[in-house]
Amino acid sequence: MSVLEFPDGSSNDFPEGAVFFDVLSTLPRSVQKNAVAVKLDGDTHDLREEIDEDGSFVVITGSDSEALEVLRHSASHLMALAVKELYGDVIFGIGPAIQDGFYYDLKLDHTFTPDDLEKIEKKMEEIRKENPDFVRKTLSRDEAMEFFREENQPFKVELIEDLDAEEVTIYTLGSFTDLCAGPHVPDIRMVKAFKLLSVAGAYWRGDENREMFQRIYGTSFGSKTELEESLRRIEEAKKRDHRKLGSSMDLFNIYEEAGGGLVFWHPRGYTLRETIENYWKQKHREKGYDIIMTPHIARSDLWKQSGHYDYYRENMFVIKGDDEEEMVLKPMNCPYHILIYKRELRSYRDLPIRYAELGTVYRNERSGTLHGLLRVRGFTQDDAHIFCSPEQLDREIDKCFDLAHEILSDLGFSDYEVELSAHDPEKLDQYAGSREEWVAAENALRKAIEKRDLEYSKIEGEAVFYGPKIDLKLIDALGRGWQATTIQFDFNLPRRFDITYVNENNEKKYVYMIHRALLGSLERFIGCLTEHYAGKFPLWLAPVQVRILPVSEHQKEYAEECLAAMIKKGIRAEVDSRNEKLGYRIRAAEVDNIPYMIIVGDREIEEGMINIRSKSTGREGSLELEKFINDIVDEIEKKG
RNA sequence: GCUGGUGUAGCUCAGCUGGUAGAGCAACGCAUUCGUAAUGCGUAGGUCACCGGUUCAAAUCCGGUCACCAGCUCCA
């Protein structure tokens, strides 16, 4: 007998052999109808499962996130069944629920095209109407292996081989039986709003040396309305795509003639970039950084000494002419900064030394990974290396956080996720540097996060061999995360280059080296910024801040006068005096995401005023030119 | 790099099973001189990504290359 305690405080007991369905029948009809699965002491269970322990009992219903996961998992089984019925011999991989939907990995002779997705959807709908039972069964490990061997499902057999458990569960839906821990919906008809989205290749268990499956992605919701809402959001996100906005706003382009992953900044895009760069430089000077600039190439020997030549080779562009010494196009700035540090003997009195560079690096990323501005082959890191003593560690890390926060919030990002990558205590011998150094470094990072009450996840064993690090993921207007800031320790390069300082006891010590990039790369950051603002950049960043529209040709001269006055004050303005109606040119300015339009007609000339229309609020009325210029200069100053 | 898809005018796209290309927007010209999200008419614009093959004939079929898209992998 098991005793279940309900959320309202009441409890009830159930005889041996009872399943969770039996519990449901004691509950209101509305709950019965919408029950997807149940939770006992926090663990999710299938309704078909036997109750074998006491505990606090909750029904998962409707569209809460746990229900959604069950629903989507069941949808993936439904899809697998549909594919099996349509195409016959299918070898199945795995088919889990994921963040925004589900997928199933399938192997079959037929290669799917987008048209097939519709066909499969139709079949799924048919099956759903037939309403086959979803049956759960427990088998011993051997029975299960035998079963899947007979079914010719080698990957399922492999999965069982790697399981610890003595017993496994299988779920049968129509002619499709799958190894699956569940839970699943009690009735397949509950999967009523689904859509198949795309098909792509995926390696078995993510291993590129193993078989490739065809993966069909889909999504599913509790109701058709929610599904439509989600599809609408996907469309919205597409409209914000920085690649699309980048060309429609004429910010940048990537030219096939030049090669993939190489960004050409057009005048407007460069204006935006330059604004960010100037702001960045000013901030860094204020915070005690020395700004430097280093060459794009260097002799291979330097990269041999740094270790990149051996460990990073496949990502490096190596150049060699006839009879010439081999050179490397720099993939990182660190060795260069180290050379500058090393040029003289350093005393503890010199520290900390902070070298910052907008350093352009080139990495030969694999062709399939390139993606707009977010993944490129040539990019400019907002890089800096801080050389300091152990006593200065905490303060330097703290200052990095302050600066990152200041810059990111000025640029419009105030939310981020924090990830601390720490060492694996069991594998300490695989890391560069001493235990003391790692502990001190990780503590400095942790203290800086905790001081700011930031939530963070600490991942042990995630650190690379040369040092622990912190990454900040920016959360944009759509709630998506973007990898930007990184603060990393390096215990490797100081040893390889023997970079030291002399402490107060006249001892030579390895210097602590901190590598940090706040925006990450300008390319990636601007891509992310574009999507965050959907191209509607705030005034101080907007490539064109003001567009002046004379109502007709007669006011052209006045418009030019206004323009000259604005340009004199550093405002990025232009005149659109094309032979088109005012409404047409207003629309063009709206489409170009220009923050302010100035409209001048005979009325304005007579009154000595200008008429303002702002992108965000529409018509704003008349103002004196000088007043407007002062206002706008103020607004730019405030980074509005 | 791998799997699949795509590549036609500056942009968005049409062009069925082979018979040397079409629309809208943009550009340009003319008319219009206009008051807060698209004035009308006209003109021009394409080695159909590139290279090779099949064919009397290729944007269309086949092979290769490049690029892009969705993923996978990678991101010491």
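Chain identifiers are assigned alphabetically (A, B, ...) following the order of the sequence lines, protein sequences preceding nucleic acid strands; residue numbering begins at 1 within each chain.
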Item to check | Candidate nucleotides B:U33, B:C66, B:A76, ranked by approach to the side chain of A:Ser552 - the nearest | outcome: B:U33
Next on the checklist: Nearest to the A:Lys581 side chain among B:U73, B:A67, B:C34, which nucleotide is it?
Outcome noted: B:C34
Item to check | Distance, P atom - from B:A59 to B:A21, rounded to whole angstrom | outcome: 9 Å
Item to check | Sugar-phosphate, base or nothing in reach of A:Tyr584, heavy atoms under 4.0 Å | outcome: sugar-phosphate
Item to check | Rounded C1' spacing from B:U12 to B:A58 in Å | outcome: 26 Å
Next on the checklist: Heavy atoms only, 4.0 Å cut-off, all strands: where does A:Glu314 land among base, sugar-phosphate and nothing?
Outcome noted: nothing
Next on the checklist: Between A:Asp178 and A:Lys156, does any NZ, NE, NH1 or NH2 come within less than 4.0 Å of an OD or OE carboxylate oxygen?
Outcome noted: yes
Checklist entry - Does the side chain of A:Arg243 get closer than 4.0 angstrom to OP1 or OP2 of B:C69 through an N or O atom? => result yes
Checklist entry - Tell me: CD of A:Glu256 to C1' of B:C69, nearest whole Å? => result 14 Å
Next on the checklist: Looking at B:A59, which nucleotide sits across from it as a Watson-Crick or G-U wobble partner, both distances under 3.5 angstrom, or is there none?
Outcome noted: none
Next on the checklist: Considering every strand and a 4.0 Å limit on heavy-atom distances, what is the contact class for A:Gly583: base, sugar-phosphate, or nothing?
Outcome noted: sugar-phosphate
Checklist entry - How would you label the contact of A:His371 with the nucleic acid (heavy atoms, under 4.0 Å): base, sugar-phosphate, or nothing? => result sugar-phosphate
Checklist entry - Which nucleotide in the set B:C68, B:C66, B:A38 lies at the smallest distance from any side-chain heavy atom of A:Arg587? => result B:A38
Item to check | Most 5' of A:Leu582 and A:Gly372 on RNA chain B, judged by nearest nucleotide | outcome: A:Leu582
Checklist entry - What integer distance in Å separates A:Leu197:CG from B:C72:P? => result 14 Å
Next on the checklist: What contact category does A:Ala200 fall into here, base, sugar-phosphate, or nothing, at under 4.0 angstrom with non-hydrogen atoms?
Outcome noted: base
Checklist entry - Do the side chains of A:Phe213 and A:Phe155 get nearer than 4.5 Å, heavy atoms only? => result yes
Checklist entry - Would you say the side chain of A:Tyr203 and the base of B:G71 hold a donor-acceptor pair, judged only by whether the two atoms sit under 3.5 Å apart? => result no
Checklist entry - Contact class for A:Thr369 vs. all strands (heavy atom < 4.0 Å): base, sugar-phosphate, or nothing? => result base
Checklist entry - Would you say the side-chain atoms of A:His385 and A:Asn333 include a donor-acceptor pair closer than 3.5 Å? => result no
Next on the checklist: Rounding to an integer number of angstrom, what distance separates B:U20 and B:U8 when you compare their C1' atoms?
Outcome noted: 14 Å
Checklist entry - NZ of A:Lys239 versus C1' of B:U12: gap in Å, rounded? => result 15 Å
Next on the checklist: My understanding is that a pair needs two contacts under 3.5 Å, Watson-Crick or G-U wobble. By that rule, which nucleotide pairs with B:C34?
Outcome noted: none
Checklist entry - So what does A:Gln483 hit on the nucleic acid, given a heavy-atom distance under 4.0 Å: a base, only sugar-phosphate, or nothing? => result nothing
Checklist entry - For the pair made of CZ in A:Arg210 and P in B:G1, what is the distance, rounded to whole Å? => result 24 Å
Checklist entry - What does A:Asn315 touch in the nucleic acid at a heavy-atom separation under 4.0 angstrom: a base, only the sugar-phosphate, or nothing? => result nothing
Next on the checklist: Which is more 5' along RNA chain B, the nucleotide nearest A:Ile586 or the one nearest A:Tyr466? Just name the residue.
Outcome noted: A:Ile586
Checklist entry - Taking atom types as modelled, is there a side-chain donor on A:Tyr217 or A:Arg215 under 3.5 Å from an acceptor on the other? => result yes
Item to check | Parallel, tilted or perpendicular: ring planes of A:Trp265 versus A:Phe252, cut at 30 and 60 degrees | outcome: tilted
Item to check | A:Asp602, nearest nucleotide to its side chain (from B:G35, B:C68, B:C74) | outcome: B:G35
Checklist entry - Any N or O donor-acceptor pair linking the side chain of A:Gln555 to the base of B:G35 at under 3.5 Å? => result no
Checklist entry - Looking at the side chain of A:His308, which of B:C74, B:A76, B:C68 is the nearest nucleotide? => result B:A76
Item to check | Base-pairing mate for B:C13 - Watson-Crick or G-U, with both contacts under 3.5 Å | outcome: B:G22
Next on the checklist: Ignoring hydrogens and geometry beyond distance, is the side chain of A:Arg375 in donor-acceptor contact with the base of B:C74 at under 3.5 Å?
Outcome noted: yes
Item to check | Nucleotide paired to B:C48 in any strand shown, Watson-Crick or G-U, under 3.5 Å | outcome: none
Item to check | A:Arg215 side chain, from C-beta outward: closest of B:U39, B:C66, B:C72 | outcome: B:C72
Checklist entry - Under 4.0 Å: is that the gap between some side-chain N or O of A:Arg578 and OP1 or OP2 of B:A38? => result no
Item to check | Between A:His423 and A:Glu460, a side-chain donor and acceptor under 3.5 Å | outcome: no
Checklist entry - For A:Glu580 and B:G40, what is the distance between atoms CD and C1' respectively, to the nearest whole Å? => result 11 Å
Item to check | Complementary nucleotide for B:A70 - Watson-Crick or wobble, under 3.5 Å | outcome: B:U3
Checklist entry - Where along residues 607-621 of chain A does a heavy atom come under 4.0 Å from RNA chain B, residue by residue in number order? => result A:Asn611, A:Arg613, A:Arg619
Next on the checklist: If the condition is salt bridge (charged side-chain N to carboxylate O under 4.0 Å, His left out), which residues does A:Arg363 pass it with, not counting sequence neighbours?
Outcome noted: none
Next on the checklist: Between A:His110 and A:Phe112 (judged by ring centroids, cut-off 6.0 Å), do the two rings come close enough to count as a pair?
Outcome noted: yes
Checklist outcome for this item: When rounded to whole Å, the CD1 to P distance for the pair A:Ile94 and B:C72 reads 12 Å
Item to check | Touch class at under 4.0 angstrom, heavy-atom based, for A:Gly601 against every strand present | outcome: base
Item to check | Student check: side-chain heavy atoms of A:Tyr596 and A:Arg547 closer than 4.5 Å | outcome: no
Next on the checklist: Considering every strand and a 4.0 Å limit on heavy-atom distances, what is the contact class for A:Arg603: base, sugar-phosphate, or nothing?
Outcome noted: base
Next on the checklist: Nearest whole Å is fine: how far is B:C74 C1' from A:Asn209 CG?
Outcome noted: 12 Å
Item to check | Lys/Arg-Asp/Glu bridge criterion (N-O < 4.0 Å) met for A:Glu158, A:Arg205 | outcome: yes
Item to check | Nearest-angstrom distance from the residue atom CG of A:Asp592 to P of B:A38 | outcome: 15 Å
Next on the checklist: Rounding to an integer number of angstrom, what distance separates B:G45 and B:G24 when you compare their C1' atoms?
Outcome noted: 15 Å
Checklist outcome for this item: Among B:G1, B:C72, B:U36, the one nearest any side-chain atom of A:Ile599 is B:U36
Checklist entry - Counting side-chain heavy atoms from CB outward, which of B:A76, B:C2, B:G35 is closest to A:Met212? => result B:C2
Checklist entry - If we call it a pair only when both distances are under 3.5 Å in a Watson-Crick or G-U wobble match, what pairs with B:A27? => result B:U43
Next on the checklist: Any donor-acceptor pair, under 3.5 Å, between the side chain of A:Glu590 and the base of B:A37, if you only look at N and O atoms?
Outcome noted: yes
Item to check | Cationic N near anionic O, under 4.0 Å, A:Arg233 to A:Glu229 | outcome: yes
